[in-house]
Amino acid sequence: MPVKDRNHSGQLQQDYTGSEILLRCLIEEGVEVVFGYPGGAVLPIYDSLYQGALKHLLARHEQGAIHAADGYARATGKPGVVIATSGPGATNLVTGIANAQMDSIPLVCITGNVPQNLIGTDAFQEADITGITMPITKHSYLVTDVQDLPRVVKEAFHIASTGRPGPVLIDIPKDVSNARSSYSYPDSIHIRGYQPKTDPHPLQISRLHKILTKAEKPLILAGGGVVTAGAEKELIMFAERANIPVTTTLMGLGGFSGQHPLWLGMPGMHGTYAANHALLECDLLIGIGARFDDRVTMGRLDKFATKANIVHIDIDPAEIGKNVDTYIPIVGDVKKVLSTAVAEVPRTPSDAWIEKLQKWVREKPYTFCDSDEELKPQWVIRHLYESTGGDAIVTTDVGQHQMWVAQYFPFANPRSFITSGGLGTMGFGFPAALGAQLGKPEATVISVTGDGGFQMTSQELAVASLANIPVKVAVINNRCLGMVRQWQEVFYKKRYSEVDLADSPDFVKLAESYGVKAWKAENKEEAKRVWKEALSHPGPAVVDFRVAPEENVYPMVAPGTGLDEMIMGDEDK
Ligand SMILES: Cc1ncc(C[n+]2csc(CCOP(=O)(O)OP(=O)(O)O)c2C)c(N)n1
């Protein structure tokens with residue numbers, strides 16, 4: 001039972017408004033920063049923020065605010081918090097909520113709503129945001145009584161960050177944030193029907209041990225769940241002791257070091273030859289915190305790991321058997337499962353297999369035709385890696401540049417690669433970098449973005465500038481919507497339809513108009529020089545890398561074809 005606040009004479013205090021209670025709850029949860037945008041229905045909440053008890057960053061669009069909260073969550077592992085007003089403020093969060101849901105990111109999204117007596121009347125700025133977001137939240141609350149607020153906030157943070165994390169929405173009508181009540185924050189929590197199972201079943205662990213003794217061609221497919229669970233050390237121990245090579249999905253990059261000799265690279269549509277052919281040939285596939293999505297399987301399950309028994313380790317039982325038939329299901333927290341399994345793990349008889357895969361890794365790496373005349377985007381990404389020694393948090397937007405970062409920046413640490421994996425949200429990367437930098441002030445944070453995606457949320461340059469958030473933006477500017485252009489080239493006979501971005505603004509002038517330092521680079525020498533300046537500049541910086549416009553991402557597996565049908569690109573042939 002909650003402990004009630006009492007005043008000096010032992011009477012229950014009745015002197016907090018709903019919004020003051022909300023603020024106290026957020027502080028109680030250890031929230032360091034909230035991202036948001038005010039409006040009529042959240043005026044009481046913003047009034048409670050007035051005295052500055054909690055750091056608030058005023059985004060320039062609610063989508064920017066929620067992606068920043070998301071980037072903060074991905075960089076720190078703590079829930080991100082966003083506040084928006086009712087109606088358009090709330091609906092501007094929708095993309096960010098879906099984005100977080102797809103990538104299992106803990107967010108607490110607080111929206112104001114019209115007073116309860118107006119709900120359902122099409123009142124000014126009314127939107128049924130709990131209804132709209134029902135399918136894309138892990139859970140949502142419409143608070144109807146101010147006394148419920150502390151419990152709701154406590155539950156929201158708990159639900160967002162436990163089990164398989166995700167976004168939780170708290171919709172607070174204006175009369176609730178204005179209503180007065182006593183305040184006490186619950187010490188404990190009990191949510192009926194919500195007890196995520198974290199400990200693996202011992203029987204399944206012994207089945208796993210047994211099958212490992214026979215596996216001559218085992219393979220680990222590690223996903224974002226490894227990063228979420230903080231299981232990178234356990235994964236290395238497990239892979240090394242059992243002698244199993246590892247491929248990491250886009251979301252799993254950094255969850256297993258890109259320098260480790262057992263690492264094969266990323267699988268799937270733009271994955272390595274070694275990873276994709278390992279998937280085709282393996283006799284045992286252990287999916288760890290990965291959901292076998294169609295950018296890995298290409299939707300051709302009839303061609304995916306057909307020679308393998310599949311072991312699937314995941315905290316979310318709904319993932320098991322969703323996309324692939326599972327021979328051994330292991331439901332539990334990935335960190336706990338791996339630390340339990342590693343104890344008596346046998347070494348697989350896989351030396352010949354590993355030798356073969358390592359040969360592929362050596363002989364068939366990602367390649368591109370470098371040039372001294374043009375700036376190649378792959379060269380730029382490699383330069384970002386070399387100039388930082390890989391010691392950076394890199395966020396990306398969506399498109400070709402995202403894939404080139406995944407290919408040419410071998411991440412060694414978890415939470416150092418931040419990308420919109422599931423939803424593929426253009427506009428995500430730059431605000432996410434701002435959030436990541438606030439969560440990790442000591443880190444070098446680089447936002448690698450496309451000239452298309454940057455224009456979706458570049459208004460957040462205002463936040464970078466005003467709050468002096470030292471994110472370095474690398475615009476991979478190919479003057480077009482590169483990934484769409486590539487698909488139109490490959491699948492639509494070069495009928496380039498609405499992908500030309502030649503009339504984009506001058507990104508240097510755009511950045512400067514916000515008070516952000518910026519440079520342009522057209523060749524390697526310029527690129528090296530200005531990037532060095534940008535890195536050593538103490539505040540935010542933008543570098544417009546004018547890269548070769550017709551470069552494509554290879555290898556490539558066309559959707560609907562099997563992993564055996566990799567298009568290798570001219571350089572590789
Ligand atoms: C919000 C949104 N709209 C549309 C798309 C479809 N889309 C995927 S990649 C891409 C092109 C991205 O172009 P750019 O940002 O310039 O990056 P590039 O591919 O050139 O690196 C588009 C339009 C998307 N992913 N997200």
Side-chain angles (χ1 to χ4, degrees), residues 61-64 66-67 70 91-103 136 250-251 268-270 293-295 366 368 374-382 384 394-409 418-433 446-460 473-492 495-507 510 521 542-554 556 558-559 569:
H61 187 294
E62 289 84 354
Q63 185 184 358
I66 191 165
H67 291 330
D70 182 317
T91 54
N92 274 349
L93 295 182
V94 169
T95 299
I97 295 174
N99 189 69
Q101 171 82 344
M102 287 285 266
D103 288 347
I136 52 168
L250 184 72
M251 289 298 295
M269 183 172 275
H270 296 295
D293 82 297
D294 56 285
R295 282 302 189 261
Y366 295 123
F368 67 98
E374 288 180 303
L375 197 51
K376 289 294 180 95
Q378 302 92 329
W379 180 92
V380 174
I381 304 300
R382 224 172 45 193
L384 301 186
V394 180
T395 75
T396 74
D397 222 74
V398 173
Q400 290 182 312
H401 66 279
Q402 177 189 34
M403 292 300 119
W404 285 319
V405 171
Q407 293 181 334
Y408 290 95
F409 201 111
I418 292 178
T419 199
S420 168
L423 198 64
T425 309
M426 284 173 73
F428 168 76
F430 173 50
I446 304 172
S447 155
V448 180
T449 183
D451 43 325
F454 189 43
Q455 290 184 68
M456 287 208 175
T457 47
S458 60
Q459 76 283 346
E460 304 306 335
V473 184
V475 185
I476 307 300
N477 185 352
N478 51 12
R479 276 85 70 206
C480 64
L481 296 171
M483 188 57 99
V484 180
R485 192 207 60 77
Q486 174 169 347
W487 281 50
Q488 289 176 345
E489 177 187 330
V490 178
F491 303 120
Y492 292 87
R495 287 159 59 87
Y496 296 129
S497 177
E498 300 298 328
V499 289
D500 186 359
L501 293 183
D503 55 0
S504 292
D506 179 329
F507 293 121
L510 179 75
V542 171
V543 177
D544 180 8
F545 291 101
R546 315 275 298 183
V547 299
E550 301 223 327
E551 203 64 20
N552 285 340
V553 183
Y554 288 118
M556 179 177 190

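Note that the coordinates shown come from a computational prediction; the quantities given were computed from them, not determined experimentally. No hydrogens, no waters, no symmetry mates; every other heavy atom, side chains included, goes into these values. Start at 1 and go down the list; that is how both ligands and their atoms are numbered.
Side chains of Asn99 and Thr425: a donor on one and an acceptor on the other come within 3.5 Å.
Two residues are said to be in side-chain contact when any heavy atoms from C-beta on lie closer than 4.5 Å; Glu551 and Glu374 fail this criterion. For the pair Ile476/Val380, a side-chain contact is recorded, criterion being any heavy-atom separation below 4.5 Å from C-beta on. Contact annotation: the side chain of Trp404 never approaches that of His270 to less than 4.5 Å [non-hydrogen atoms, C-beta and beyond].
Checking side-chain atoms of Asn478 against main-chain N and O of Ala548 turns up no donor-acceptor pair under 3.5 Å.
Taking the six-membered ring where tryptophan is involved, the planes of Tyr366 and Tyr408 are tilted, since the angle between them lies from 30° to 60°.
Residues of the protein with a heavy atom under 4.0 Å from ligand 1 are Val398, Gly399, Gln400, His401, Gly424, Met426, Gly450, Asp451, Gly452, Gly453, Met456, Asn478, Cys480, Leu481, Gly482, Met483, Val484, listed by chain and number.
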